[in-house]
2 protein chains.
Amino acid sequence: MESRKGNMMSFRADIKVVDATIRDGGLCNNFEFTDEFVKELYKSNIKSGVDYMEFGYKASKNLFRESDFGKWKFCSEEDIRSIVGDNISDMKIAVMADVGRCDFRTDFLPKSESVIDMVRVACYIHQIPAAIEMIEYLHDLGYETSCNIMAISQANLNQVEEALSMLSECSVDIIYLVDSYGSLYPETAGALAKTYLEAAEKSGKKVGFHAHNNQNLAFANTIETLSYGVSYLDATAMGMGRGAGNCAMELLLGFLKNPKYSLYGLLEFIERYMVPLRQKGIVWGFDLQYMFTGQLNRHPREAISFTDEKRGDYCEFYKSLLENY
Amino acid sequence: MESRKGNMMSFRADIKVVDATIRDGGLCNNFEFTDEFVKELYKSNIKSGVDYMEFGYKASKNLFRESDFGKWKFCSEEDIRSIVGDNISDMKIAVMADVGRCDFRTDFLPKSESVIDMVRVACYIHQIPAAIEMIEYLHDLGYETSCNIMAISQANLNQVEEALSMLSECSVDIIYLVDSYGSLYPETAGALAKTYLEAAEKSGKKVGFHAHNNQNLAFANTIETLSYGVSYLDATAMGMGRGAGNCAMELLLGFLKNPKYSLYGLLEFIERYMVPLRQKGIVWGFDLQYMFTGQLNRHPREAISFTDEKRGDYCEFYKSLLENY
């Protein structure tokens with residue numbers, strides 16, 4: 001059963017840290033970050049040894065009106081280049097594209113002309129065939145690709161195994177375990193990670209983990225799955241992300257033993273940019289309403305509304321969740 | 001290596017939930033809770049199925065002036081009885097007594113005359129002989145006793161094994177693993193728990209776990225140690241406790257599968273009493289300054305001062321910690 005890789009004193013060179021602050025955090029402020037914020041985060045991530053920075057979504061401009069969102073909902077080449085130039089750093093640039101909500105055949109340049117390195121294809125488990133179609137197209141363009149299967153806590157084991165088998169045979173580089181509802185415990189996250197790793201290792205792919213903090217377990221689940229061999233680890237500055245947020249980058253960098261990672265650059269960014277963002281009224285992070293939806297393994301949408309309405313009647317809210325179970 | 005007890009669907013009847021809100025939370029407000037607060041918490045704990053409620057410390061009135069603290073620093077029989085009467089509930093009453101900071105020979109009645117059920121003897125690892133002297137005295141008076149060895153992350157394994165061997169031969173009922181600095185990870189907490197359990201099971205004793213949330217791991221570490229057989233689990237309402245606080249009772253009750261535990265009574269208490277306490281300006285919970293001391297395996301005193309002074313210069317604070325390493 002137990003099959004931890006590495007130990008608490010050493011480090012694993014296969015670990016990759018992925019900063020998803022602009023993408024998942026963008027869900028808290030409609031992607032309306034200032035250019036200064038994004039540029040300073042980019043510099044801070046490079047200083048801290050972060051391996052990938054995700055800039056946002058490549059959303060369809062046919063489905064979403066550009067004037068309704070900040071620019072990181074769309075991540076044009078020009079907008080990314082206005083921050084990173086040609087990105088001469090060692091850090092790679094990622095964007096996310098949702099199955100069914102992007103125009104992948106028109107919106108991606110060949111990799112040789114693009115500053116983007118990796119495209120993370122997000123889907124629900126019933127959309128795996130559509131995800132694979134996107135992955136093959138983007139792989140042929142020259143991009144590194146991941147498949148991020150969301151809301152995995154609601155899938156059954158047969159579906160998971162079938163999805164992993166299909167992905168094993170396609171060109172995807174990384175298969176992501178995504179706890180969208182923050183309802184996994186270290187024990188259940190660890191068991192799923194082992195299932196993913198078994199399939200991925202056979203086919204030469206890597207496994208990633210993306211946590212949500214509904215039960216204050218985002219960091220714990222991340223280091224638990226890491227200990228079994230998961231190597232792509234998503235985190236965000238101060239855990240900024242939808243609802244209860246994500247694994248906090250500062251917790252993760254403080255934990256990792258590879259001397260390439262350092263906390264100090266991130267702390268400067270947090271002090272100068274993240275704390276003011278929160279003081280301006282952007283809200284994310286652990287709270288009881290998210291704990292309820294996590295414990296009940298449900299989408300956080302009702303908890304997000306509860307937060308937006310600045311409600312504090314936890315008891316009434318909990319009862320209403322139980323009534324609509 | 002792996003030796004989890006029970007599984008994610010069933011429950012273990014040996015689990016005991018210990019509410020430490022007044023005792024550890026009292027460190028945040030100088031033990032100045034209103035009688036109404038304590039009485040409502042008592043009723044809420046009974047409704048929620050909590051097994052023990054810790055009322056505070058039995059501190060020496062020779063060492064600490066009564067006028068400097070709220071009454072739960074001293075936990076007189078009369079004060080506890082003013083809340084619980086003869087405590088006709090199934091929930092047991094606990095108090096904590098620190099080695100060297102109590103007058104145990106004069107301040108405890110025989111159990112037959114007392115409303116207290118359990119005395120938790122807190123000590124550092126070099127004080128085990130003094131703790132055992134107290135434990136034998138209190139055991140002879142008829143109390144259930146625990147030994148709570150604090151700051152265990154700073155002890156070495158030889159010390160731990162020697163302490164466990166000494167405690168195995170005394171009359172103590174429960175041996176507590178206490179992560180005072182919040183610096184354990186699930187993997188290290190689990191390994192220590194296994195060491196404790198091995199010694200305790202041989203001598204017919206139980207093991208408890210008391211977490212701090214410096215790295216947002218209080219709940220994760222609690223359920224990890226529980227999974228290996230730890231059965232006494234400390235938690236506090238909204239995690240109220242010194243510095244980064246403790247394992248949140250609402251997370252723990254939401255996790256446990258025994259139908260005797262229920263979340264709703266606690267939620268009413270939180271809404272009516274805990275949220276207003278926080279709004280009044282009582283501060284506890286995860287923040288970067290506590291993360292630093294947890295990551296560095298240090299006493300949180302500097303982080304508590306940083307908080308009290310309402311500082312926000314995380315970078316300067318972190319540098320000062322590294323300079324005094």
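Excluded from the calculations below are hydrogen atoms, water molecules and symmetry mates; all remaining heavy atoms, backbone and side chain alike, are included. Chain naming here is simple, since letters A, B, ... match the order of the sequence lines and numbering starts at 1 in each.
Only the side chain of B:Y318 comes within contact range of chain A, judged by heavy atoms closer than 4.5 Å. Of the two parts of B:N213, only the side chain, counted from C-beta on, holds a non-hydrogen atom closer than 4.5 Å to a non-hydrogen atom of chain A. Contacts of A:L251 with chain B are made by both backbone and side-chain atoms, with heavy-atom separations under 4.5 Å. Both the backbone and the side chain of A:F255 have a heavy atom closer than 4.5 Å to some heavy atom of chain B.
In this structure, A:E198 places its CD atom where only 12 or fewer heavy-atom neighbours from other residues, nucleotides or ligands lie under 6.0 Å away.
Closest approach of B:C315 to A:Y264, counting heavy atoms only: CB-OH, 3.4 Å. Residues A:L288 and B:E250 approach most closely at CD2-CG, 3.5 Å, considering heavy atoms.
For chain A, the option among B:M8, B:M238, B:E268 with the highest count of heavy-atom pairs below 4.5 Å is B:M8. For the options B:I223, B:D313, B:T188, B:N221, heavy-atom pairs under 4.5 Å to chain A are most numerous at B:D313. Among A:A248, A:G294, A:G254, the residue making the largest number of heavy-atom pairs under 4.5 Å with chain B is A:G254.
Separation of atoms CD (A:E224) and CD (B:E224) is listed at 5.5 Å; rounding is to 0.5 Å.
Heavy-atom neighbours of chain B within the stretch residues 270-284 of chain A, taken at a separation under 4.5 angstrom, comprise A:I270, A:E271, A:V275.
Residues B:L263 and A:M291 have side chains in contact (heavy-atom distance under 4.5 Å, counting atoms from C-beta outward).
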